[in-house]
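Reckoned from all heavy atoms, side chains included, excluding hydrogens, waters and symmetry mates. Order of the sequence lines sets the chain letters (A, B, ...), proteins ahead of strands, with each chain counted from 1.
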Amino acid sequence: MPELPEVETVRRSLAPALEGRRFAHVTQRRPDLRFPLPERFAARLKGRRVSRLERRAKYILVHLDATPKAAEEVLIMHLGMSGRFTIHEANGASAPGRFHRGMPGAERHDHIVFDMEGGTRIVYADHRRFGFMDLVPEAALTACTHLAGIGPEPLGNEFSGPVLAERLAGRRAPIKAALLDQRTVAGLGNIYVCEALFRAGLSPRRIAATVATPLRSTRLAAAIRDVLEEAIVAGGSTLRDYAHTDGELGYFQHSFAVYGREAEACSKPRCGGTVARIVQSGRSTFFCSSCQR
DNA sequence: CGGGACTCCTGCCAGC
DNA sequence: TGCTGGCAGGAGTCCC
């Protein structure tokens, strides 16, 4: 399940294959992913030159140059939970590990194929089809339905304890739910919320507004930033469906302190607690009730 | 408007 | 061995 570190890892590996290049041909193998693809999606991309790739929250933004007929546009891509890109270079060397998980017939889920000038082929596969793509005018990007209202980037300069405190003030939801809400902070998902709350020593059940103190919000903001930065360095986490564009796996999952560790001893020195699993708003939450308060 | 429940989809795995 | 049911979860929609 790609969260910010996984999406950032994908963005970085796609960038050299896309930036400065044109789409020679785009093959759309079904009319929709999670949502219908835009009208004439493949035709509108053909011939367009990519200026740069950017990430916002869990979205990859592919900026397209203007043409005589069209203004600058942005291809918005969201991986959902099982979206995966693989890059196949023109020399015939296809990405190793394409079917590394022994997925017979996986090509059934290859929904979009981007052929770039120069011969590089980028395949988007998404067997659960929770991902989606959209094409919007550059001028309308920040106001578009996907991005409007999304909170600050946790790795950006605009994110800090006071900023987080302001966004949690008055919120009656559990802090776990508030952090999963992309309007609070951009890019967090179930895993990194659990890990950040553990590092900050805060209970996931705590009412969000009670975290809006200088001490707690500063501690939590730092924990969020630290865990995301460490995960990016590790190439993200690989669970179930996520893999890099070359089929390689991230390895941050080995660094999880609580996620997926139900009934294990808390890793905090001298804590002595046990990792518990509870369900909050239909999602598993892992935490140590001994040192997370 | 905030918050929670429900929904989409498919693969995988535990349990019978 | 083969089937079934539960689970995984990002984010949109709907309802209170």
Side-chain angles (χ1 to χ4, degrees), chain A residues 1-8 10-11 29-37 55-61 76-84 99-112 124-134 136 143-151 154 166-196 204-212 228 231 236-243 249 253 256 258-263 277-286:
Chain A
M1 55 299 311
E3 300 181 29
L4 188 153
E6 291 74 38
V7 176
E8 177 60 22
V10 171
R11 185 198 69 78
R29 297 181 55 189
R30 54 174 303 132
D32 59 338
L33 294 172
R34 179 175 180 188
F35 306 115
L37 285 155
R55 181 193 53 73
R56 175 77 173 104
K58 298 168 193 167
Y59 295 91
I60 293 172
L61 308 177
I76 301 177
M77 310 195 292
H78 194 292
L79 302 171
M81 284 182 290
S82 59
R84 180 185 303 187
F99 301 114
H100 63 97
R101 298 175 70 74
M103 298 161 55
E107 63 275 13
R108 177 161 77 91
H109 300 295
D110 289 352
H111 303 311
I112 313 277
Y124 178 73
D126 186 355
H127 68 262
R128 286 156 90 176
R129 234 187 308 131
F130 271 35
F132 52 91
M133 296 188 190
D134 204 352
V136 304
C144 80
T145 53
H146 306 300
L147 300 183
I150 286 189
E166 186 189 333
R167 305 185 82 84
L168 295 174
R171 303 277 297 269
R172 302 301 302 166
I175 185 66
K176 165 79 186 306
L179 292 178
L180 281 178
D181 184 340
Q182 300 298 295
R183 293 171 301 180
T184 310
V185 189
L188 295 177
N190 206 37
I191 294 170
Y192 295 108
V193 166
C194 290
E195 294 297 315
R205 291 193 275 222
R206 176 184 275 283
I207 295 299
T210 70
V211 181
L228 294 177
S237 306
T238 299
L239 288 178
R240 301 178 186 83
D241 302 316
Y242 170 77
L249 309 177
Q253 66 276 12
F256 292 164
V258 288
Y259 188 84
R261 295 192 180 276
E262 182 179 12
R277 186 182 78 92
I278 59 173
V279 175
Q280 291 179 290
S281 38
R283 304 274 184 262
S284 287
T285 298
F286 296 90

### Task
In whole angstrom, give the distance that lies between atom NZ of Lys176(A) and atom P of dG3(B).
15 Å
### Message
Is the distance between the ring centroids of His146(A) and Phe132(A) under 6.0 Å?
### Response
yes
### Task
Answer with base, sugar-phosphate or nothing: what part of the nucleic acid does Thr145(A) contact at a heavy-atom distance below 4.0 Å?
nothing
### Ile207(A) vs Ile175(A) side-chain heavy atoms within contact, under 4.5 Å
no
### Nearest-angstrom distance from the residue atom CZ of Phe286(A) to P of dA8(C)
7 Å
### Query
When the nearest nucleotide of DNA chain B is assigned to Arg34(A) and to Arg183(A) on a heavy-atom basis, which residue is associated with the more 5' position?
Arg183(A)
#### Entry: Polar side-chain contact Arg283(A)-dA8(C) base: donor and acceptor under 3.5 Å
no
### Query
Tell me: NE2 of His78(A) to C1' of dC8(B), nearest whole Å?
14 Å
### Query
If each of Gln280(A) and Phe130(A) is mapped to the nucleotide of DNA chain B with the nearest heavy atom, which maps nearer the 5' terminus, i.e. the 5' end?
Gln280(A)
### Task
Check each of Ile76(A), Leu37(A), Ile60(A) against Met133(A) using the side chain to side chain contact (heavy atoms under 4.5 Å, CB included) test, and report the only one that passes.
Leu37(A)
### Task
Look at the side-chain N and O atoms of Gln182(A) and state whether any lies under 4.0 Å from the OP1 or OP2 oxygen of dG10(C).
no
### Task
Could you tell me whether Asp126(A) and Arg34(A) have a side-chain N and a carboxylate O separated by less than 4.0 Å?
no
